[in-house]
Amino acid sequence: MSDAVKVGFVPFSAAPSGILVAFCDDGLKLGPATAKALGTAADLVKRAAEASQFKGKNGAVLDILAPEGVKAGRLIVIGAGTVSGLKGSDFLKFGGVAASKLQPGNGAMTILAELPGGAMSAEQVVAIASGLRLRAYKFDRYKTKKKDGEERVLRADVSLAVGDVAAAKKAFAPAGHVVDGVVIARDLVNEPPNVLYPEEFARRASQLRRLGVKVEVLDVKAMQKLGMGALLGVGQGSARPSRTVIMRWNGGRKTDAPVGFVGKGVCFDTGGISIKPAGSMEDMKGDMGGAACVVGLMHALAARKAKVNAVGAIGLVENMPDGNAQRPGDIVTSMSGQTIEIINTDAEGRLVLADVLWYVAKKVKPKFMVDLATLTGAIMVALGTEHAGMFSNNDELSERIAKAGLETGEKVWRLPLGPEYDKLIDSQFADMKNTGGRHGGSITAAQFLQRFVDETPWAHLDIAGTAMGAPKSDINQSWGSGYGVRLLDRLVADHYESK
Ligand code: BES
Ligand code: MN
Ligand code: ZN
């Protein structure tokens, strides 16, 4: 974990230190406190803007070195565009843009958190602070030699100058825990698969106990007893034994049914006997992005003491080819009693989820459950890397998730389920088969999962395109994105916490 940026809050009147960051709108207008802080340098902004065609467009940057009239050696003006249309995700981006201007050795930065109309709200300030930290994240645990220019570690103190210091501090406490959750998820996704295998993953999830989360680890024997034949079949070819981890955060009323989150945790997916081609197979260390998100989310909820009862459940396996590996043609019996014919051992995620979803539906009886899984390559063909695919048996739940997606910038796009797709996964030998042919691959995978949720309101997020390897963004420069932590934390905060 590398958390390079420390964020603090000061009043506008405090003397700024380090790089100075200010905001303007698309008319190059500055706020009153900003104009005061800049003094004569405000005219410089106008001249520099003209010289470099800076028009204050949303996210554009004007970078002025050694500005006359202020003490700062560097003045950065970030365009806010049309102020009336700004969303929460814009402020995250502004934080990300500011963090991108920090270089090793810079030390300090002061951000004047003001728009032309006046001080930013506590919520907007907090989004900037979160964006700063998310952007500055770097996974360099395994680099022993730094390249030129990388020798000095980035350690910056960023002060946000705000209208109401107490309000900003209060609002950033919970938001900071959510960022910590994202960092945990990113670290897990970025870790190499020789380090992070099912038992080690379970050990890391168990660290949530420090926050008061009850963590139960099911070993192979316990899962055999429960009849989790679908999950165990995937792991049987690996030298690393499988695990299922159940995490419980009880922050709500005793009588409230919990909300449930389920994650696919395939610590490495070779494809098994239906082995994958060598090209980019190393990316399959990230096939536990769903489980990583659930652990990060449980951290966020527990650390910010969310007033909700939440259960996280993750199925941890390694999918390997081996003399003991499962074969195409095998028939396994899931915990639900339904039998599955294995057609392709590379369609393993749905087998893992089948048993964990059933476990949660029957043993936890949640209000609803959301699963996250790097489930299909087909979801990237359909949606690219900007939206996760969403499938649901419940319109209210899916609308709430879609709304949280727009608020956080972790977007989802709903795709259909329907009984018409069932025939594609019916098997001649068992109750179903684990693949549905070439067409609609993400849909048939989701349709398969639906057979293991019974009547529980449920949504499935296919995050194969968003959890890892997505293009770098203003708030994420890392391979593992931590996708889903902010989305589901927001879902809980908006709808399921008791007031
Ligand atoms: N983990 C993969 C899906 C995946 C692919 C995630 C690329 C991220 C990037 C999954 O287990 C898988 O192999 N799915 C197969 C299913 C097929 C065999 C029906 C796929 O998508 O090709
Ligand atoms: Mn696979
Ligand atoms: Zn997989």
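In listed order, ligands and their atoms are each counted from 1. Worth knowing before you read on, the calculation uses all heavy atoms, side chains too, and leaves out hydrogens, waters and symmetry mates.
The aromatic rings of F94 and F91 sit perpendicular to each other, their planes meeting at more than 60°, with 30° as the lower class boundary.
Smallest separation of non-hydrogen atoms from G272 and P321: O-CB, 3.7 Å. Of all heavy-atom pairs between V317 and S242, the closest is CG1-OG, 3.5 Å.
Salt bridge K264/D287: present, at least one basic N to carboxylate O contact under 4.0 Å. By the 4.0 Å N-to-carboxylate-O rule, R414 lies too far from E399 to be salt-bridged with it.
Taking the Zn ion (ligand 3) as the corner point, the angle from D269 atom OD2 to K264 atom NZ is about 170° (rounded to 10 degrees). Rounded to 10°, the angle formed at the Mn ion (ligand 2) by OD2 of D269 and OD1 of D346 is 100°.
Side chains of V262 and V370 form no contact here, defined as non-hydrogen atoms less than 4.5 Å apart. In this structure, the side chains of R141 and N190 stay at 4.5 Å or more apart for every pair of heavy atoms. Here the side chains of I314 and F201 are in contact, with some heavy-atom distance below 4.5 Å.
Those atoms of ligand 1 that come under 4.0 Å of a heavy atom in K264, given as number and element, are 1 (N), 10 (C), 11 (O). Listed by atom number, the atoms of ligand 1 under 4.0 Å from M284 heavy atoms are 1 (N), 5 (C), 6 (C), 7 (C), 8 (C), 9 (C). Taking every non-hydrogen atom of T435 and a distance limit under 4.0 Å, the qualifying atoms of ligand 1 come out as 19 (C). Annotation for ligand 1: atoms under 4.0 Å from non-hydrogen atoms of E348 are 11 (O). Close approach of ligand 1 to T374 is summarised as follows: ligand atoms under 4.0 Å from at least one heavy atom of the residue are 1 (N), 2 (C), 3 (C), 6 (C). The contact set between ligand 1 and M468, taken as ligand atoms under 4.0 Å from a residue heavy atom, comprises 8 (C), 9 (C).
Taking only non-hydrogen atoms, the option from T270, N344, D283 nearest to atom 18 (C) of ligand 1 is N344. Between atom 9 (C) of ligand 1 and the options M380, M288, R438, the minimum heavy-atom separation is to M380.
No hydrogens or angles considered: a donor-acceptor pair under 3.5 Å links the side chains of K93 and N58. T270 and N319 form no side-chain donor-acceptor contact under 3.5 Å, judged by distance and modelled atom types alone.
Scanning the protein for heavy atoms near atom 21 (O) of ligand 1, the closest one is G377 N, 2.7 Å. For atom 10 (C) of ligand 1, the nearest non-hydrogen atom of the protein is L375 O, 3.3 Å. At the top of the distance list for atom 16 (C) of ligand 1, counting protein heavy atoms only, stands R350 NH2, 3.9 Å. For atom 2 (C) of ligand 1, the closest non-hydrogen atom of the protein is D269 OD2, 3.6 Å. Ranking protein heavy atoms by distance to atom 12 (C) of ligand 1, first place goes to D346 O, 3.2 Å.
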Report the C-alpha distance between R304 and E497 in whole Å, list the side-chain angles of each, state the deciding distance to 0.1 Å, and finish with yes or no for salt bridge (Lys or Arg N to Asp or Glu O under 4.0 Å). CA-CA 12 Å; R304 71 176 182 79; E497 282 190 64; 2.7 Å; yes

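Within E348, the N, O or S atom lying nearest to the Zn ion (ligand 3) carries the name OE2. Closest N/O/S atom of E348 to the Mn ion (ligand 2): OE1.
The aromatic ring centroids of Y496 and F368 lie less than 6.0 Å from each other.
For ligand 1, the polar-atom distance check against K276 finds a nitrogen or oxygen pair separated by under 3.5 Å.
Inclusion of D287 in the first shell of the Zn ion (ligand 3) is supported: an N, O or S atom falls under 2.8 Å.
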